[in-house]
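Order of listing sets the numbers, starting from 1, for every ligand and every atom in it.
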Amino acid sequence: MDGLDDVFGDLFSSVDGVMLFSPSGSYYERFADVDDVDVIVVGTENDVGADTFVELPLAFDDVADRIKFGLEGGIEAGVIEDGDELACATRIFADEIDTVSRVRASADDHTGIYDLFAKSRAEPEVIKAVLELAIELGKKGQKGKPVGALFIVGDAGKVMNKSRPLSYNPFEKSHVHVGDRIVNVMLKEFSRLDGAFVISDAGKIVSAYRYLEPSAEGVDIPKGLGARHMAGGAITRDTNAVSIVLSESDGLVRAFKGGEMILEVDPEAY
Ligand SMILES: Nc1ncnc2c1ncn2[C@@H]1O[C@H](COP(=O)(O)OP(=O)(O)OP(=O)(O)O)[C@@H](O)[C@H]1O
Ligand SMILES: [Mn+2]
């Protein structure tokens, strides 16, 4: 009869690598003595100073998402290959890694999230800051009144050419950037009003209250959503901007790039 080691051991026997999701330092160090295994650390920060590290743009509360995006990031970074079998170790319930999942990396499962952050015109930190802002706004909104918001990030000159003002631009003569605390307060205040925020590659708020008039044909958006998502998606086909949209109607945050929706997250999960 097999012991438990034999049965559960199948989860990690002859894998091509081990992915440790946000391990503690002491947990990571135990792998220093393990022979013949490639260890890849995945997380929002490389807290343990690992040689091989894959950065996640968000912590991803949903474990399947966390692993999926870790694999995609690993393929994108060239540290794992299509078809590799990986033991993915992560935390679910405990403060320490408590779960191992055996997964085969597949280049076909490409979602574009890495392109969104790493291969857009706007700086990755700027996109991340706007995404976090939209998530925060979604969370707060869900407790009180729901709010919608539309952020167009990068390629601002072209975006301005394909839009027109709905009202005075409160950011006209200012030099404020996303990520500044005061700006986040201002943006939340203005997001109750119509139109889109236009943000430069470097994170400068160029304008609020822009009505987008993309020339691109309609894009595929989830059923039940309307003009805000359509315009937010289409402008990313017309320009090299990415858009981040918080839906007032279903409370989800979505990101578009190249006319495609590449990310959909529930703010309540963060
Ligand atoms: N072309 C556009 N450019 C900028 N803002 C727009 C545009 N079209 C719509 N909006 C903004 O989106 C708001 C909501 O419109 P609509 O309900 O059609 O969008 P939606 O995609 O269904 O989004 P939601 O899920 O938030 O309702 C409008 O009140 C307006 O402020
Ligand atoms: Mn709507």
Side-chain angles (χ1 to χ4, degrees), residues 112 116 120-122 126-127 129-172 176 178 183-201 203-270:
L116 174 70
S120 292
R121 265 196 53 150
V126 171
I127 298 172
V130 174
L131 184 61
E132 281 169 354
L133 177 68
I135 286 171
E136 201 188 323
L137 202 57
K139 239 188 258 182
K140 296 257 167 64
Q142 281 167 354
K143 290 190 190 107
K145 253 201 324 199
V147 288
L150 175 55
F151 302 95
I152 314 301
V153 189
D155 209 3
K158 212 163 169 191
V159 172
M160 290 301 279
N161 285 336
K162 290 188 176 286
S163 59
R164 59 188 169 79
L166 284 168
S167 179
Y168 82 102
N169 174 15
F171 294 95
E172 173 89 63
V176 290
V178 288
V183 177
N184 286 3
V185 174
M186 286 167 80
L187 288 182
K188 278 180 212 165
E189 207 52 44
F190 294 129
S191 66
R192 286 208 236 102
L193 299 146
D194 269 351
F197 291 100
V198 178
I199 296 161
S200 78
D201 296 340
K204 183 184 179 300
I205 322 281
V206 176
S207 185
Y209 304 130
R210 293 300 286 194
Y211 187 79
L212 306 176
E213 297 177 307
S215 49
E217 290 290 300
V219 294
D220 274 345
I221 55 167
K223 277 203 180 64
L225 299 176
R228 188 188 339 254
H229 291 81
M230 192 59 92
I235 195 86
T236 71
R237 183 173 282 170
D238 252 10
T239 68
N240 287 314
V242 301
S243 69
I244 303 211
V245 195
L246 168 63
S247 168
E248 187 180 337
S249 53
D250 68 11
L252 300 184
V253 171
R254 298 178 176 84
F256 293 85
K257 179 175 176 172
E260 311 255 332
M261 188 181 87
I262 51 187
L263 180 68
E264 184 176 80
V265 293
D266 184 349
E268 285 296 298
Y270 293 89

Does ligand 1 have any N/O pairs with the protein under 3.5 Å, and how far apart?
unit_1: ligand 1; atom_1: 1 (N); unit_2: L212; atom_2: O; d: 3.0
unit_1: ligand 1; atom_1: 3 (N); unit_2: L212; atom_2: N; d: 2.9
unit_1: ligand 1; atom_1: 18 (O); unit_2: A227; atom_2: N; d: 2.9
unit_1: ligand 1; atom_1: 19 (O); unit_2: A227; atom_2: N; d: 3.4
unit_1: ligand 1; atom_1: 19 (O); unit_2: R228; atom_2: N; d: 3.1
unit_1: ligand 1; atom_1: 21 (O); unit_2: G226; atom_2: N; d: 2.7
unit_1: ligand 1; atom_1: 21 (O); unit_2: G226; atom_2: O; d: 3.1
unit_1: ligand 1; atom_1: 21 (O); unit_2: R228; atom_2: N; d: 3.3
unit_1: ligand 1; atom_1: 21 (O); unit_2: H229; atom_2: N; d: 3.1
unit_1: ligand 1; atom_1: 21 (O); unit_2: H229; atom_2: ND1; d: 2.6
unit_1: ligand 1; atom_1: 22 (O); unit_2: G226; atom_2: N; d: 2.7
unit_1: ligand 1; atom_1: 23 (O); unit_2: H229; atom_2: ND1; d: 3.4
unit_1: ligand 1; atom_1: 25 (O); unit_2: S247; atom_2: OG; d: 2.5
unit_1: ligand 1; atom_1: 25 (O); unit_2: S249; atom_2: N; d: 3.4
unit_1: ligand 1; atom_1: 25 (O); unit_2: S249; atom_2: OG; d: 2.6
unit_1: ligand 1; atom_1: 26 (O); unit_2: R228; atom_2: NE; d: 3.2
unit_1: ligand 1; atom_1: 26 (O); unit_2: R228; atom_2: NH2; d: 3.0
unit_1: ligand 1; atom_1: 26 (O); unit_2: E248; atom_2: N; d: 2.7
unit_1: ligand 1; atom_1: 29 (O); unit_2: D194; atom_2: OD1; d: 3.2
unit_1: ligand 1; atom_1: 31 (O); unit_2: D194; atom_2: OD1; d: 2.5
unit_1: ligand 1; atom_1: 31 (O); unit_2: G195; atom_2: N; d: 3.3

Next item on the list: Just grab all the side chain to side chain donor-acceptor pair (under 3.5 Å) pairs involving residues 218-235, residues at least two apart or on different chains.
Entry: none

Next item on the list: Would you mind checking if R164 and E213 are paired as a salt bridge, meaning a charged N to carboxylate O distance below 4.0 Å?
Entry: yes

Notebook entry, point to check: Side chain of N169, backbone of A208: donor and acceptor closer than 3.5 Å?
Noted result: yes

Next item on the list: Applying ring pair (Phe, Tyr, Trp, His ring centres under 6.0 Å), name anything that partners F151, two or more places apart in sequence or on another chain.
Entry: F197

Checklist line | Pairing residues for E136 by the salt bridge (Lys or Arg N to Asp or Glu O under 4.0 Å) criterion, not counting sequence neighbours | finding: K140, K188

Next item on the list: For the residue pair K162 and S215, confirm or rule out a side-chain donor-acceptor distance under 3.5 Å.
Entry: yes

